[in-house]
Amino acid sequence: MSESQCSGCPSASSCSAEQRESCGSKQGPQSMLEPANKYSKIKKVIGVVSGKGGVGKSFVTASLAAAMKKSGCQTGIMDADITGPSIPKMFGVRGEAYGSEEGMILPVETKEGMPVMSISLLMENPEDPVIWRGPVIGGAVKQFWTDVVWGELDYLFIDMPPGTGDVPLTVFQSIPVDGIIVVTSPQELVQMIVKKAFRMAAAMDIPILGVIENFSYLKCPDCGKQIRLFGESHVDEAAQELAIPVLGKVPLDPQMAQAADEGNFYEKDHPYLEAAVNVLKGLSEK
């Protein structure tokens, strides 16, 4: 078949451009997006990504979900970091996720009513390692979208694994992500990290909502001085070069770390992410 011929035309002759536009059998590139199940109605899907590990991506994901929930939105979290799941512990979520009679997976809710799905909620012992190859991990993440009964959500946050490998690629290709937020730390290396995540999302035609700098500083409990443990911030330079906004600079806070360890993360306020909350709320108005 010639490139200019429609697949459903009985004639062997080529169609004109006008005929191809009006032909109901015309086939363009097929989307790889997977539909959510009939029990899930999600308005906006937000991916939280990083170019490397160890920058507090799960911390930022949990902070954003909690902040949006406190603002009156229905939120949920998909923990797509299969080999390093941490979201359930931060919110004190225990127990196992169960299947429904229709073969769907029921997520476990936090005590505040926020649904969470993580591989650790499907394991008999959450401390056992997940020793899977990339395709299997990607398949599990895809099932978290197609088979989990999320219900009606304003925002579903996806805590992505670090880097630009199989799982981020699977998420971007399979799930209708409305935008991503890049998480980084205040080092000169940040520019390379942000650019990696930015260029992958751009290549997949995923909107980049902005960047959040974690570990920005430590506030002295005695004098209030901001101590730059990881050096001076370079996030503004990277954001300006890529023409994306900085949505927050989050300090190191021992109380937040303690709350996460104790499963009381939701109880803490997240005042450093006001700009991010405003951007996310703006998405629902479009």
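Position 1 is the first residue of the sequence; numbering continues from there. What's counted below: heavy atoms across the whole structure, side chains too, no hydrogens, waters or symmetry copies. All of these numbers come straight from a predicted model, not from anything done at the bench.
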Taking it one step at a time, do Asp253 and Gln258 satisfy side-chain contact (heavy atoms from CB on, under 4.5 Å)?
-> CA-CA 9 Å; Asp253 187 341; Gln258 181 179 353; over 6 Å; no
Group every Ile, Leu, Val, Met, Phe, Trp and Tyr by side-chain heavy-atom contacts under 4.5 Å, then state whether [X] and [Y] land in the same group.
X	Y	result
Leu64	Val250	yes
Leu33	Val141	no
Phe59	Leu218	no
Val149	Ile175	no
Ile105	Trp132	yes

Side chain [X], main chain [Y], donor-acceptor under 3.5 Å:
X	Y	value
Ser40	Ala36	no
Asp159	Met78	no
Thr75	Ala65	yes

Charged tip of Lys70 within 45° of Tyr266 ring normal and under 6.0 Å =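 Here Lys70 passes the 6.0 Å and 45° test against Tyr266.
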Between Ser185 and Asn214, does a side chain to side chain donor-acceptor pair (under 3.5 Å) hold up when you go through it step by step?
-> CA-CA 5 Å; Ser185 58; Asn214 197 28; over 6 Å; no
Measure the spacing between [atom1] of [X] and [atom2] of [Y] and express it to the nearest 0.5 Å.
X	Y	atom1	atom2	answer
Asn278	Ser71	CG	OG	9.5 Å
Ser174	Met32	OG	CE	6.0 Å
Gln226	Ser216	CD	OG	7.0 Å
Phe215	Leu252	CZ	CG	6.0 Å
Asp269	Gln255	CG	CD	11.5 Å
Thr61	Met90	OG1	CE	8.5 Å

Heavy atoms of other groups near [X] [atom1], more than 12 under 6.0 Å:
X	atom1	result
Lys219	NZ	no
Glu237	CD	yes
Arg94	CZ	no
Asp205	CG	no
Gln240	CD	no

Is any side-chain heavy atom of [X] less than 4.5 Å from a side-chain heavy atom of [Y]?
X	Y	value
Met104	Asn37	yes
Ile181	Val211	no
Cys73	Leu153	no
Ser118	Ile87	no
Val148	Gln143	no
Lys268	Ser63	no
Met114	Gln74	no
Trp145	Leu156	yes

Contact summary for [X] and [Y], nearest pair of heavy atoms:
X	Y	answer
Ile180	Ala201	CD1-CB, 3.4 Å
Leu247	Gly210	CD1-CA, 3.8 Å
Ala80	Pro161	O-CD, 3.5 Å
Ala97	Leu106	CB-O, 3.3 Å
Gly179	Leu209	CA-CG, 4.0 Å
Ala62	Ile77	CA-CD1, 4.3 Å

Evaluation steps, side-chain contact (heavy atoms from CB on, under 4.5 Å), between Ile227 and Cys220 = CA-CA 7 Å; Ile227 305 169; Cys220 176; 4.3 Å; yes
Any chance you could lay out the side-chain contact (heavy atoms from CB on, under 4.5 Å) test for Leu169 and Met204, step after step, and finish with the verdict?
-> CA-CA 8 Å; Leu169 182 61; Met204 304 297 294; 3.8 Å; yes
What I want to find out is whether [X] reaches [Y] closely enough, with some N-O distance under 4.0 Å, to be called a salt bridge.
X	Y	answer
Asp236	Lys249	yes
Lys44	Asp154	no
Asp147	Lys142	no
Lys195	Glu241	yes

Dump the intermediate steps for ring-ring contact (aromatic ring centres under 6.0 Å, His included) on Tyr217 and Phe230, then the final yes or no.
-> CA-CA 8 Å; Tyr217 58 88; Phe230 297 99; over 10 Å; no
Phe265 and His270 aromatic ring geometry - parallel, tilted or perpendicular at 30°/60° bounds | tilted
Stepwise salt bridge (Lys or Arg N to Asp or Glu O under 4.0 Å) check, Asp261 with Lys89 = CA-CA 7 Å; Asp261 288 341; Lys89 179 175 176 58; 5.6 Å; no
Under 3.5 Å, is there a donor-acceptor pair linking the side chains of Ser100 and Glu102?
->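 No - no donor-acceptor pair under 3.5 Å links their side chains.
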Would Val235 and Ile212 count as a side-chain contact (heavy atoms from CB on, under 4.5 Å) if you check the C-alpha gap in whole Å, the side-chain angles of each, and the deciding distance to 0.1 Å?
-> CA-CA 8 Å; Val235 69; Ile212 291 175; over 6 Å; no
